[in-house]
Asks: 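Below: one structure in structure tokens.
We use all heavy atoms of the structure for the numbers below, so side chains are in, but hydrogens, waters and symmetry mates are not. Computed from a predicted model, the values in this text were never measured in an experiment.
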Amino acid sequence: VQLQASGGGLVQAGGSLRLSCPASVRTFSSYVMGWFRQAPGKEREFVAAISWSGGSTYYADSVKGRFTVSRDNAKKTVFLQMNSLKPEDTAVYYCAAGLSWYSTTVGGYAYWGQGTLVTVSS
């Protein structure tokens, strides 16, 4: 499984960005997809996840109500819509693929893409 997150950039506080992560895999719908982020000097943390069909999602409390995760299984792509961005959202964002539902830990995902940097200015 190969993943590549894109869509990051510099945005002012209150702005929006949409991240995309296409997957090179034969059976994309077999994987739970997650988004994580890592700020400078901090550990990688869970942001959001979406189930195999997209019917279920869950979020970290810090982004709930502002971020929306979605997926298009036909296009083998997962998305992260980020609204009302805050300076504390500044981080490198990573997409990941796993087999088990409801994992918020790095160890719960087997495959990782290269990250995309999101910088939110105040």
Side-chain angles (χ1 to χ4, degrees):
V1 180
Q2 292 185 319
L3 306 168
Q4 180 63 61
S6 64
L10 174 63
V11 63
Q12 288 188 331
S16 298
L17 283 175
R18 189 190 195 209
L19 306 183
S20 299
C21 180
S24 296
V25 62
R26 191 165 62 179
T27 55
F28 179 69
S29 59
S30 298
Y31 295 90
V32 171
M33 299 301 297
W35 286 96
F36 286 72
R37 66 187 182 186
Q38 188 166 16
K42 295 187 176 181
E43 293 187 351
R44 194 169 298 188
E45 65 175 5
F46 171 78
V47 174
I50 187 165
S51 63
W52 304 267
S53 66
S56 296
T57 57
Y58 62 94
Y59 300 90
D61 287 343
S62 58
V63 307
K64 202 172 294 182
R66 300 188 297 121
F67 290 11
T68 302
V69 60
S70 61
R71 67 190 293 164
D72 184 334
N73 283 348
K75 295 183 178 179
K76 299 182 180 181
T77 302
V78 63
F79 305 95
L80 185 68
Q81 178 67 43
M82 306 186 294
N83 298 330
S84 303
L85 283 161
K86 304 175 181 179
E88 51 263 43
D89 294 318
T90 294
V92 176
Y93 284 71
Y94 299 87
C95 57
L99 297 176
S100 301
W101 180 232
Y102 212 79
S103 177
T104 61
T105 64
V106 170
Y109 293 82
Y111 305 98
W112 293 82
Q114 292 185 337
T116 185
L117 176 62
V118 172
T119 303
V120 184
S121 62
S122 57

Asks: Just so I know, are the side chains of Y59 and V47 near enough to count as touching, which here means a heavy-atom distance under 4.5 Å?
Replies: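 No - every pair of side-chain heavy atoms lies 4.5 Å or more apart.
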Asks: Can you pull out every disulfide (SG to SG under 2.5 Å) where at least one residue sits in residues 29-122? Sequence neighbours excluded, please.
Replies: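 Residue pairs with at least one partner in residues 29-122: C21-C95.
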Asks: Which heavy atom of F28 sits nearest a heavy atom of D72, and at what distance?
Replies: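 Looking at all heavy atoms of both residues, the closest pair is CE2-O, 4.1 Å.
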Asks: Could you give the side-chain donor-acceptor pairs of residues 4-16 under 3.5 Å, partners two or more places apart or in another chain?
Replies:
unit_1	atom_1	unit_2	atom_2	d
S16	OG	N83	OD1	2.9

Asks: Donor-acceptor pair, distance only, cut-off 3.5 Å: does the side chain of Y58 make one with the backbone of S103?
Replies: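 Yes; at least one donor-acceptor contact below 3.5 Å.
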Asks: Look up atom OG1 in T57 and atom CZ in R71, then write down how far apart they are to the nearest 0.5 Å.
Replies: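 These two atoms lie 12.0 Å from each other.
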Asks: Write down the atom of Y109, the atom of G98, and the distance for their closest heavy-atom approach.
Replies: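 Residues Y109 and G98, closest heavy atoms: CD2-N, 3.6 Å.
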Asks: Sorted by first residue and then second, give each ring-ring contact (aromatic ring centres under 6.0 Å, His included) pair with at least one member in residues 70-99; sequence neighbours left out.
Replies: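 ring-ring contact (aromatic ring centres under 6.0 Å, His included) check on residues 70-99 returns no pairs.
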Asks: Filter on disulfide (SG to SG under 2.5 Å), then keep only pairs touching residues 28-80, sequence neighbours left out; what's left?
Replies: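 Every candidate disulfide (SG to SG under 2.5 Å) pair involving residues 28-80 fails, so no pair, neighbours aside, qualifies.
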Asks: Which distance, rounded to the nearest 0.5 Å, do you find between the CE of M33 and the CG of N73?
Replies: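 Nearest 0.5 Å value for the CE-CG distance: 9.5 Å.
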Asks: Considering residues at least two apart in sequence or located in another chain, which fulfil the salt bridge (charged side-chain N to carboxylate O under 4.0 Å, His left out) criterion with E45?
Replies: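 With neighbours one apart ignored, the set is R37.
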Asks: How many angstroms lie between atom CG of L19 and atom OG1 of T77, to the nearest 0.5 angstrom?
Replies: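 Going from CG on L19 over to OG1 on T77, the span is 12.5 Å.
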Asks: To check you understand the geometry: which heavy-atom pair defines the closest contact between A97 and V1, and what is its length?
Replies: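 Heavy atoms only, the tightest pair is CB-CG1, 4.4 Å.
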Asks: Rounded at 0.5 Å granularity, tell me how far OH in Y31 sits from NZ in K76.
Replies: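 Taking OH in Y31 and NZ in K76, the distance rounds to 10.5 Å.
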Asks: Return each pair, listed once, that meets salt bridge (Lys or Arg N to Asp or Glu O under 4.0 Å) where at least one residue sits in residues 113-122; pairs must be two or more places apart or across chains.
Replies: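 Of all non-adjacent pairs touching residues 113-122, none passes salt bridge (Lys or Arg N to Asp or Glu O under 4.0 Å).
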Asks: Which pairs pass disulfide (SG to SG under 2.5 Å) with one or both residues in residues 45-81, sequence neighbours excluded?
Replies: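 Checked against disulfide (SG to SG under 2.5 Å) - neighbours excluded - no pair reaches residues 45-81.
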Asks: Tell me, please, which residues at least two apart from K42 pass side-chain hydrogen bond (donor to acceptor under 3.5 Å, both in side chains).
Replies: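 side-chain hydrogen bond (donor to acceptor under 3.5 Å, both in side chains) check on K42 returns nothing, list empty.
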Asks: Verify, without hydrogens or angle tests, whether T90 (side chain) and V120 (backbone) share a donor-acceptor contact under 3.5 angstrom.
Replies: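 Yes, because the side chain of T90 sits within donor-acceptor range (under 3.5 Å) of the backbone of V120.
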Asks: Quick one: list whatever passes side-chain hydrogen bond (donor to acceptor under 3.5 Å, both in side chains) with Q2, sequence neighbours left out.
Replies: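 Checked Q2 against side-chain hydrogen bond (donor to acceptor under 3.5 Å, both in side chains); zero matches.
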Asks: Between F67 and W35, is the ring centre distance below 6.0 Å?
Replies: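 Ring centres of W35 and F67 not closer than 6.0 Å.
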Asks: To the nearest 0.5 Å, what is the distance between OG on S20 and CD on Q81?
Replies: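 The CD atom of Q81 is 9.5 Å from OG of S20, to the nearest 0.5 Å.
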Asks: Could you work out, with side-chain hydrogen bond (donor to acceptor under 3.5 Å, both in side chains) as the rule, every residue matching Q114, not counting sequence neighbours?
Replies: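 With neighbours one apart ignored, the set is empty.
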Asks: Going by the rule side-chain hydrogen bond (donor to acceptor under 3.5 Å, both in side chains), which residues pair with R66 if we only count those two or more places apart in sequence or in a different chain?
Replies: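 R66: side-chain hydrogen bond (donor to acceptor under 3.5 Å, both in side chains) contacts with D89.
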Asks: Under 3.5 Å, which donor-acceptor pairs do the side chains of residues 48-56 form with other protein atoms, sequence neighbours left out?
Replies:
unit_1	atom_1	unit_2	atom_2	d
S51	OG	G55	N	3.3
S51	OG	S56	N	3.0
S51	OG	S56	O	3.4
W52	NE1	S30	O	3.2
S53	OG	G55	N	3.3

Asks: Could you measure the distance from the CE atom of M82 to the OG1 atom of T68? Nearest 0.5 Å is fine.
Replies: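 The distance works out to 11.0 Å.
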